[in-house]
Amino acid sequence: HDPYHGVQPFRDHLTSLLAIAQVRRIPVLLSTHVVNRDEPSKRQVAAIDEINGVTRSLADESRGVHFADADAEIPGSNELMYDICHFRTDRDGEQRLIDLFARTIRLHMSDWIAERGRQIASGGE
């Protein structure tokens, strides 16, 4: 009756996706999940914190992966969220997440364009 099986399956799947992306030269942007720290279910908060830890470590370990730490940048609370991981539509949480992703993409856009140019020049797709 315990649906939580730890983070190893998450790590394994994300590692596989990153390997596929690297082989295919697909740019990757990883992000943590914003978690509502006011949520009474501390067990769920702890589980998301573990997943965020895996995401952070894989971003550090993986070559060419870009990273946005949404959980560190956006304070998860009842003010912005209506449950453990969903933003209220009448607050600016979603917009803050969009802005973080846009800033991160803009920061790395020239790297991605340059890499794509090298792929095309070498005859790759």
How long is the straight-line distance from [atom2] of [Y] back to [atom1] of [X], given to the nearest 0.5 Å?
| X | Y | atom1 | atom2 | result |
| --- | --- | --- | --- | --- |
| Thr15 | Ile20 | OG1 | CD1 | 11.0 Å |
| Ile74 | Leu100 | CD1 | CG | 5.5 Å |
| His13 | Leu18 | NE2 | CG | 13.0 Å |

Practice problem: Using the test side chain to side chain contact (heavy atoms under 4.5 Å, CB included), find all partners of Arg106 that sit at least two apart in sequence or belong to another chain. | Solution: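 Expected list: Ala102, Arg103.
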Exercise. Using the test side chain to side chain contact (heavy atoms under 4.5 Å, CB included), find all partners of Asp12 that sit at least two apart in sequence or belong to another chain.
Key: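 So Asp12 forms a side chain to side chain contact (heavy atoms under 4.5 Å, CB included) with Gln8.
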Quiz item: Should Leu29 and Leu97 be regarded as members of a common hydrophobic cluster, given that ILVMFWY residues are connected when their side-chain heavy atoms come within less than 4.5 Å of each other, either directly or indirectly?
Solution: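 Result: yes, single cluster for both.
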Self-check item: Ile26 with Leu14, same ILVMFWY side-chain cluster at under 4.5 Å
Solution: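 No; Leu14 is not reachable from Ile26 via cluster members.
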Exercise. Please list all pairs passing the ring pair (Phe, Tyr, Trp, His ring centres under 6.0 Å) test where one or both residues lie in residues 49-89, with sequence neighbours left out.
Key: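 For residues 49-89: His66-His108, His66-Trp112, Tyr82-His86.
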For [Y], is there any backbone N or O sitting under 3.5 Å from a side-chain donor or acceptor partner on [X]?
| X | Y | answer |
| --- | --- | --- |
| Ser57 | Val54 | yes |
| Asn52 | Thr32 | no |
| Ser31 | Ala68 | yes |

Self-check item: Arg88/Met81 under side chain to side chain contact (heavy atoms under 4.5 Å, CB included): CA gap, chis, key distance, verdict
Solution: CA-CA 5 Å; Arg88 295 178 183 276; Met81 306 174 90; 5.5 Å; no
Exercise. Check each of Thr104, Asp69, Thr55 against Leu30 using the side-chain contact (heavy atoms from CB on, under 4.5 Å) test, and report the only one that passes.
Key: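 One option only clears the test, and that one is Thr55.
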Quiz prompt | Residues clustering with Val45 (ILVMFWY side chains joined when closer than 4.5 Å, directly or via others) | solution =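 Its cluster mates, by chain and number, are Val35, Ile48, Ile84.
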Quiz item: Can you find a side-chain donor-acceptor pair between Asn78 and Asn36 that sits under 3.5 Å?
Solution: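 Present: a donor and an acceptor within the cut-off.
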When the side chains of residues 89-96 are checked against the rest of the protein, which donor-acceptor pairs come out under 3.5 Å, sequence neighbours left out?
| residue | atom | partner | partner atom | Å |
| --- | --- | --- | --- | --- |
| Arg91 | NH1 | Glu79 | O | 2.7 |
| Arg91 | NH1 | Glu79 | OE2 | 3.4 |
| Gln95 | NE2 | Asp99 | OD1 | 2.8 |

Quiz prompt | Arg37: partners by side-chain hydrogen bond (donor to acceptor under 3.5 Å, both in side chains), with sequence neighbours left out | solution =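 Asp49, Asp71.
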Practice problem: Would you name the heavy atoms of Ala59 and Val65 that are closest together and state the gap between them? | Solution: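 Shortest heavy-atom separation between Ala59 and Val65 comes out as CA-CG1, 4.2 Å.
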Exercise. Provide the closest heavy-atom pair for Ser122 versus Arg25 in the form atom of the first, atom of the second, distance.
Key: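 In terms of heavy atoms, the two residues are closest at OG-NH1, 4.0 Å.
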